[in-house]
Amino acid sequence: MLKLAAEKSGWASAAAKGTGMGVAFLFAHLGYFAEIAEVSVDAQNRVKVNKVWVAADIGSEVINR
């Protein structure tokens, strides 16, 4: 999951000045999730989330009975 999220986000490419990327990984409810966020900081030091990429593997189907 993490590799897929990195590929889709362009993780290996250089970021513009004032822009960075962060990564998170989560296992919850029998599913795996990887998230990558592209963020920027303006002249007043305010953080803005520009984009988020998510890759998920939820395993088998969930069936409610």
Side-chain angles (χ1 to χ4, degrees):
M1 292 294 95
L2 193 53
K3 193 175 203 178
L4 177 61
E7 288 173 8
K8 296 296 182 182
S9 69
W11 181 268
S13 62
K17 185 176 180 180
T19 302
M21 296 178 98
V23 63
F25 188 80
L26 172 71
F27 174 74
H29 307 287
L30 302 178
Y32 296 90
F33 304 86
E35 300 85 12
I36 297 191
E38 177 190 270
V39 299
S40 59
V41 179
D42 67 15
Q44 289 78 33
N45 289 326
R46 294 179 295 200
V47 176
K48 176 185 175 191
V49 177
N50 301 319
K51 294 181 184 178
V52 176
W53 295 266
V54 178
D57 179 355
I58 60 168
S60 61
E61 267 183 57
V62 176
I63 300 173
N64 293 324
R65 294 181 186 222

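Position 1 is the first residue of the sequence; numbering continues from there.
Linking Ile, Leu, Val, Met, Phe, Trp and Tyr whenever their side-chain heavy atoms come within less than 4.5 Å puts V49 and V41 in one cluster. One hydrophobic cluster, built from ILVMFWY side chains closer than 4.5 Å, cannot hold both V54 and L2; they sit in different ones.
Of all heavy-atom pairs spanning I36 and S9, the tightest one is CD1-OG, 3.6 Å. Nearest heavy atom pair, residue A55 against residue L4, reads CB-CD2, 4.0 Å. Across V39 and N50, no two heavy atoms sit closer than the pair C-ND2, 3.7 Å. In terms of heavy-atom proximity, F33 sits nearest to A56 at CD2-CB, 3.3 Å.
Here the straight-line distance linking atom NZ of K3 with atom NZ of K8 works out to 13.5 Å at 0.5 Å rounding.
Taking 4.5 Å as the limit, every side-chain heavy atom of F27 sits out of range of all side-chain heavy atoms of M1.
Taking the ring-ring contact (aromatic ring centres under 6.0 Å, His included) definition, one finds that F25 meets it with nothing, sequence neighbours left out.
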